[in-house]
Visitor: 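Mind looking over this structure? Questions follow.
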Amino acid sequence: MFKTLGVSVAPMELNPRDIVPEFWYNIIPDLPRPLPPPRDPPGADFSRIDLLRDIMPQEVLRQQFTVERFVKIPEEVRDRYLNIGRPTPLLRARKLEEKLRTPARIYFKYEGATPTGSHKINAAIPQAYYAQAEGISAVTTETGAGQWGTAVALAASMFGLKSSVFMVRVSYEQKPMRKTIMNLYGADVYASPTNFTEAGKRALSRDPNHPGSLGIAMSEAVEYALKQRWKYLVGSVLDVVLLYQSVIGLETSTQLEAVGEEPDVLIGCVGGGSNFGGFAFPFLGHGTKARLIAVGPAEVPKFSSGKYEYDYPDEAGLLPMIKMLTLGREYVPPPIYAGGLRYHGVAPSLSLLMQEGRVEWREYEEPEIFEAAKLFSETQGIVPAPESAHAVKAVVDEAMRAKRDGERRTIAFNLSGHGLLDLSNYESMMKRFKS
Ligand SMILES: Cc1ncc(COP(=O)(O)O)c(C=O)c1O
């Protein structure tokens with residue numbers, strides 16, 4: 001990989017095979033202090049860590065605990081990456097720059113260019129690949145907005161696996177088109193909470209009209225995988241997912257180098273932290289001096305109000321506890337909020353880097369991200385996913401700051417997805433925030 005990273009090449013000489021890396025980058029050995037490991041709760045009735053062995057593909061679990069800095073991408077996975085159009089484009093947002101009259105140069109890595117419309121497919125492909133290679137016939141997962149579910153449905157079909165997706169009920173009802181795509185790829189989709197798992201039944205007994213949450217859907221998918229002897233594919237938060245997502249940052253680094261740029265500021269939105277880690281961590285691996293800014297919603301205030309402590313990734317507590325910034329596993333976001341990024345915790349490696357002050361954070365309110373999404377749509381023509389609009393808002397603020405400081409900074413951000421299937425969210429925002 002450093003073969004291509006180390007050499008300066010003119011953009012026209014780059015072909016896709018030069019840009020898509022041969023290794024994933026793992027930040028764990030480069031963290032400023034050791035990462036607190038996943039653990040079983042004290043005095044637990046059963047071992048969650050042992051349970052992981054039953055629910056995750058073995059190779060994925062092995063890679064979750066690896067301390068190697070680079071992990072070889074299997075040829076078949078790299079081939080799939082190329083086949084879905086990787087490398088994704090790195091574009092310069094000139095019209096946005098002009099509109100803001102900023103001296104800053106703004107680049108964005110466009111992960112919305114994948115067939116499923118977001119970065120999530122980068123982590124779904126290797127997990128489906130390993131599951132299939134281990135002789136598994138079917139996989140399950142949860143999904144909130146539907147981006148991860150869509151990615152799993154496609155990756156599963158690529159490798160001839162059946163898939164079942166537990167989709168948070170409110171999204172299931174508000175986003176019927178996401179369900180349609182998953183069905184087209186061959187997946188079964190259920191509105192969570194369902195009554196075919198204990199976790200689902202418990203939630204329904206508390207409230208028969210329970211809107212669902214990512215934490216509950218996760219518990220349901222895990223429980224279902226156990227019952228069916230299928231495997232569970234994990235979409236964010238665990239560090240192995242950030243490892244798979246490192247293709248984003250590795251490609252970006254090569255692409256920026258090809259145009260003679262070095263970033264001063266790197267920005268990404270954070271749900272569980274996978275697109276942010278995938279985008280920004282490879283630059284840390286290269287020893288970047290850039291400022292890193294993680295962006296989240298003020299409505300799900302895990303940066304400002306979260307505690308850095310051991311908590312469960314899922315609501316029922318079937319998965320091992322991990323040390324992370326968290327609002328608590330039972331957190332349910334405000335019902336009206338349509339901006340995405342609703343997960344209660346932050347990936348352990350990213351949480352640690354935030355504790356250390358190496359990664360800054362911002363939280364924005366929904367009307368602010370709506371304005372930013374509108375500005376980006378009008379100037380660049382791409383409707384961002386509501387999640388990604390959080391990053392766009394921080395980019396606008398940083399571009400204005402560069403203007404005040406009179407500095408030609410290079411700002412690079414990850415546009416994690418497009419919003420073409422999130423138009424109902426924007427419809428809701430337009431109604432509520434009309435000026
Ligand atoms: C387009 C998009 N961006 C960002 C996220 C946040 O997840 P993560 O922080 O794992 O990248 C999601 C989650 O569903 C998403 O769909």
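Not measured: the values here are computed from a predicted model. Starting from 1, each residue takes its place in the sequence as its number. When a ligand or atom number is given, it counts from 1 through the structure's own listing order.
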Visitor: Looking at Arg105 and Glu261, is there a salt bridge between them, counting it only when a charged N and a carboxylate O are closer than 4.0 Å?
Guide: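 Answer for the salt bridge query: yes.
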Visitor: Is it the case that the side chain of Thr143 and the backbone of Gly149 share a donor-acceptor pair, with hydrogens and angles ignored and the cut-off at 3.5 Å?
Guide: yes
Visitor: Ion pair present between Glu97 and Lys99, side-chain N to carboxylate O less than 4.0 angstrom?
Guide: no
Visitor: Has ligand 1 got any nitrogen or oxygen that is less than 3.5 angstrom from a nitrogen or oxygen of Ser388?
Guide: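 Looking only at distances, the answer is no, because the N/O contact criterion of under 3.5 Å is not met.
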Visitor: Does Glu111 come within less than 4.0 Å of Arg86, counting only side-chain N to carboxylate O?
Guide: yes
Visitor: Does any N/O atom on Gly271 come nearer than 3.5 Å to any N/O atom on ligand 1?
Guide: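 Yes; the residue has a nitrogen or oxygen that sits under 3.5 Å from a nitrogen or oxygen of the ligand.
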Visitor: Looking at Glu59 and Arg62, is there a salt bridge between them, counting it only when a charged N and a carboxylate O are closer than 4.0 Å?
Guide: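 Yes, Arg62 and Glu59 are salt-bridged.
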Visitor: Polar contacts were defined as any N/O atom of the residue lying under 3.5 Å from an N/O atom of the ligand; does this apply to His119 and ligand 1?
Guide: yes
Visitor: Answer yes or no for Cys269: is there a heavy-atom contact with ligand 1 below 4.0 Å?
Guide: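 Heavy atoms of Cys269 do come under 4.0 Å of ligand 1.
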Visitor: Judging by distance only, is a nitrogen or oxygen of Gly272 under 3.5 angstrom from one on ligand 1?
Guide: yes
Visitor: Mind checking whether Leu341 contacts ligand 1 via backbone (N, CA, C, O), side chain (CB onward), both or neither, at a 4.0 Å heavy-atom cut-off?
Guide: side chain
Visitor: What residue and heavy atom of the protein are closest to atom 16 (O) of ligand 1, and at what distance?
Guide: Gln147 CG, 3.0 Å
Visitor: To check your reading of the model: name the closest protein heavy atom to atom 2 (C) of ligand 1, its residue, and the distance in Å.
Guide: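 Residue, atom and distance for the closest contact: Ser416 OG, 3.5 Å.
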Visitor: Pull out every atom of ligand 1 sitting under 4.0 Å from any heavy atom of Ser236, numbered as shown with elements.
Guide: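 Those of ligand 1 that fall under 4.0 Å from Ser236 are 8 (P), 10 (O).
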Visitor: What atoms of ligand 1 come closer than 4.0 angstrom to any heavy atom of Asn275?
Guide: 4 (C), 8 (P), 9 (O), 11 (O)
Visitor: Are Phe166 and Tyr224 near enough that their ring centres are under 6.0 Å apart?
Guide: yes
Visitor: State if His418 counts as touching ligand 1 under the rule of any non-hydrogen atom under 4.0 Å.
Guide: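 No heavy atom of His418 comes that close to ligand 1.
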Visitor: Validate the cation-pi geometry between Arg69 and Tyr25: distance from NZ or CZ to the six-membered ring centre under 6.0 Å, angle to the ring axis within 45°.
Guide: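 Relative to the ring axis of Tyr25, which defines the angle, Arg69 lies outside at least one limit.
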Visitor: Cation-pi check for Phe159 against Arg80: NZ or CZ below 6.0 Å from the six-membered ring centre and within 45 degrees of the axis, yes or no?
Guide: yes
Visitor: If you count the atoms of ligand 1 from 1 in the order shown, which ones are under 4.0 Å from a heavy atom of Ala385?
Guide: 1 (C)
Visitor: I'd like to check Asp239 versus Leu35 (side-chain heavy atoms, cut-off strictly below 4.5 Å). Are they in contact?
Guide: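 Yes; the side chains approach each other to less than 4.5 Å.
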Visitor: Does the plane of the ring in Tyr244 sit parallel, tilted or perpendicular to the ring in Tyr130? Use 30° and 60° as the thresholds.
Guide: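 Tilted.
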Visitor: Side chain, backbone, both or neither: which part of Lys120 has a heavy atom under 4.0 Å from ligand 1?
Guide: side chain
Visitor: Side chain or backbone of Ser274 under 4.0 Å from ligand 1, or both, or neither, by non-hydrogen atoms?
Guide: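 Within the 4.0 Å criterion, Ser274 contacts ligand 1 through backbone and side-chain atoms alike.
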Visitor: Which atoms of ligand 1 sit under 4.0 Å from any heavy atom of Val270?
Guide: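 Those atoms are 9 (O).
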Visitor: Which of the atoms of ligand 1 are close to Gly273, meaning less than 4.0 Å from one of its heavy atoms?
Guide: 8 (P), 9 (O), 10 (O)
